[in-house]
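These notes are about the structure you will find just below.
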There are 2 protein chains.
Amino acid sequence: MPGRVTQQTIARLSQYRRLLDRLLHEGVRHVFSHQMAEGTDVTAAQVRRDLMVLGHTGNPRHGYNVAVLIRAIDGYLDASEGQRVAVIGIGNLGLALMAFFAGRRPKLSITAGFDSDPNKVNRVIHGCRIYPIDSLAQAVAELDIGIAIITVPAGEAQAVADKCVDAGIRGLLNFAPIHLRVPKACYVSDVDLTMSLEKVAFFARHMVEVNNAEGEEDDT
Amino acid sequence: MPGRVTQQTIARLSQYRRLLDRLLHEGVRHVFSHQMAEGTDVTAAQVRRDLMVLGHTGNPRHGYNVAVLIRAIDGYLDASEGQRVAVIGIGNLGLALMAFFAGRRPKLSITAGFDSDPNKVNRVIHGCRIYPIDSLAQAVAELDIGIAIITVPAGEAQAVADKCVDAGIRGLLNFAPIHLRVPKACYVSDVDLTMSLEKVAFFARHMVEVNNAEGEEDDT
DNA sequence: TGTTGTGAATCTCTTCACAGCT
DNA sequence: AGCTGTGAAGAGATTCACAACA
């Protein structure tokens with residue numbers, strides 16, 4: 001469907017949707033692009049540009065109908081048949097992510113966990129079973145899992161990624177601090193915690209040159 | 001010191017350093033830019049361009065001396081006096097992050113935790129004490145904390161951010177799924193887990209149009 | 001009047017390509 | 001022979017600015 005969408009547009013659509021969900025919850029019916037811009041971290045022009053990929057909605061009188069716009073984003077981002085996700089590596093972080101994502105998006109559900117430690121296998125956490133890593137291919141096929149979250153130590157991450165690819169998984173969310181090599185047909189997004197913290201540490205000391213969305217609020 | 005450095009250059013320097021640490025550990029003495037490019041996800045030209053900010057140095061014969069380059073990046077990214085970090089919100093994710101960051105970088109140490117739940121207060125986890133959220137300002141001053149990791153629920157995040165700013169914290173790593181409003185002098189980096197997963201889900205279904213660093217390895 | 005949708009301009013980041021060095 | 005460092009070109013993303021519209 002999409003001719004050519006950038007990763008950042010998809011990222012922002014996800015944020016818009018979250019904002020819109022909250023607004024809907026608060027009883028707001030209509031929003032203007034500049035209001036959406038305020039609630040996220042972008043300009044009004046950027047919001048309108050991003051919404052173009054949806055084929056659009058929106059009128060100059062009331063702006064965008066919140067409920068309609070949410071459905072439009074849902075239709076664009078979500079797979080109608082849903083997508084199932086595995087967490088591989090049931091340590092502190094893996095458990096925290098299972099808790100975090102549990103029940104958050106109906107079309108994107110954590111369905112299984114995997115670990116190499118026999119003590120962790122067969123437990124059921126947040127309604128999903130932990131399988132031995134060796135049964136990955138089989139379980140992925142049976143449960144129709146298309147996405148994996150990798151939370152194993154760096155040293156094991158590449159081997160795990162290879163297994164995922166072999167099992168037919170086409171999307172990886174990688175928390176291991178290492179660059180994964182995968183075939184072009186598999187999409188990887190890295191969440192690099194160390195890098196994120198080091199970035200904050202650096203700019204906390206060099207705040208001057210960051211124009212973190214200028215027209216922003218107060219000043220203490 | 002930096003005239004104007006971009007966030008992505010800082011992010012990549014952090015990744016180069018991690019790669020170099022590993023190489024040093026493996027006994028590698030010298031690297032060329034194209035080898036560093038392989039180990040991360042960038043081009044050789046990008047690596048060389050990024051390293052320009054260090055002032056430094058590398059020679060056409062052997063490339064870069066690994067140990068020297070690490071020290072150069074250390075000197076650029078790290079505060080010589082070190083920086084102390086607090087984790088606010090000691091739930092699953094907060095605990096996982098305390099474990100993850102424990103002892104990872106000497107110049108960037110998790111020093112305190114904060115939570116509003118009295119049951120969690122005064123415990124000591126990974127060598128650092130959990131304080132009540134009300135004592136934030138005091139503890140931050142006493143322990144000289146400059147950075148906070150926010151892992152509280154979305155509904156509390158803005159209030160927590162405000163307290164952090166008041167307490168003098170100038171860098172925030174935010175895991176709450178909400179856009180924080182802070183003064184321009186405070187730097188915020190968001191780790192948006194939901195967005196990251198939704199991005200993976202989307203591109204896993206639309207792999208075609210992503211040229212995820214083309215010249216990459218195999219093809220199944 | 002105040003907003004949307006969007007072509008064009010601008011700005012920012014990445015890649016090219018090559019002189020200079022070893 | 002093959003690399004580094006970097007000015008200049010190129011690609012890509014964002015913002016401007018305005019016609020169309022309610």
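Since the model is a prediction, treat every value here as computed from it, not as a measurement. Note on naming: letters A, B, ... go to the chains in the order of the sequence lines (proteins, then strands), and numbering restarts at 1 for each one.
- A close approach under 4.0 Å does occur between a side-chain nitrogen or oxygen of A/His34 and OP1 or OP2 of C/dT3.
- As a whole-Å value, the separation of A/Gln46 CD from D/dA13 P is 10 Å.
- Residues B/Arg84 and B/Ile110 are not in side-chain contact: their nearest non-hydrogen atoms beyond the backbone lie 4.5 Å or more apart.
- Put simply, CG on A/Leu51 is 15 Å from C1' on D/dT14, counting in whole angstrom units.
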| Are A/Lys199 and A/Asp192 close enough, and set up right, to give a salt bridge (charged side-chain N to carboxylate O under 4.0 Å, His left out), and what steps lead you there? | CA-CA 11 Å; A/Lys199 195 157 59 104; A/Asp192 189 331; over 6 Å; no
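- The residue among A/Gly58 and A/Arg61 whose nearest nucleotide of DNA chain C lies closer to the 5′ end is A/Arg61.
- Judged by distance alone with a 3.5 Å cut-off, a donor-acceptor contact links the side chain of A/Arg49 to the base of D/dT15.
- Heavy-atom neighbours of A/Arg104 CZ from other residues, nucleotides or ligands within 6.0 Å: above the threshold of 12.
- D/dT14 atom C1' lies 14 Å from atom CG of A/Asp41, rounded to whole Å.
- Rounded to whole Å, the distance from CG on B/Asn59 to P on D/dT4 is 9 Å.
- Taking atom CE of residue A/Met52 and atom C1' of nucleotide C/dG7, one finds them 9 Å apart after rounding to whole Å.
- In this structure, the CZ atom of A/Arg48 is 13 Å from the C1' atom of D/dA19, given to the nearest Å.
- The phosphate of C/dT15 (OP1 or OP2) has a side-chain N or O of B/Thr43 nearer than 4.0 angstrom.
- A/Gln35 has its CD atom 11 Å from the C1' atom of C/dT3, to the nearest Å.
- The backbone N or O of B/Gly89 lies less than 3.5 Å from a partner atom in the side chain of B/Thr151, making a donor-acceptor pair.
- Among the heavy atoms of the strands, none lies under 4.0 Å from B/Thr9.
- A heavy-atom distance below 4.5 Å is not found between the side chains of A/Phe101 and A/Met98.
- Nearest-nucleotide assignment on DNA chain C puts the 5′-proximal partner with A/Ala45, out of B/Asp50 and A/Ala45.
- Rounding to whole angstrom units, CZ of residue A/Arg4 and P of D/dG12 are separated by 8 Å.
- The residue among B/Gly55 and A/Pro60 whose nearest nucleotide of DNA chain D is located toward the 5' end is B/Gly55.
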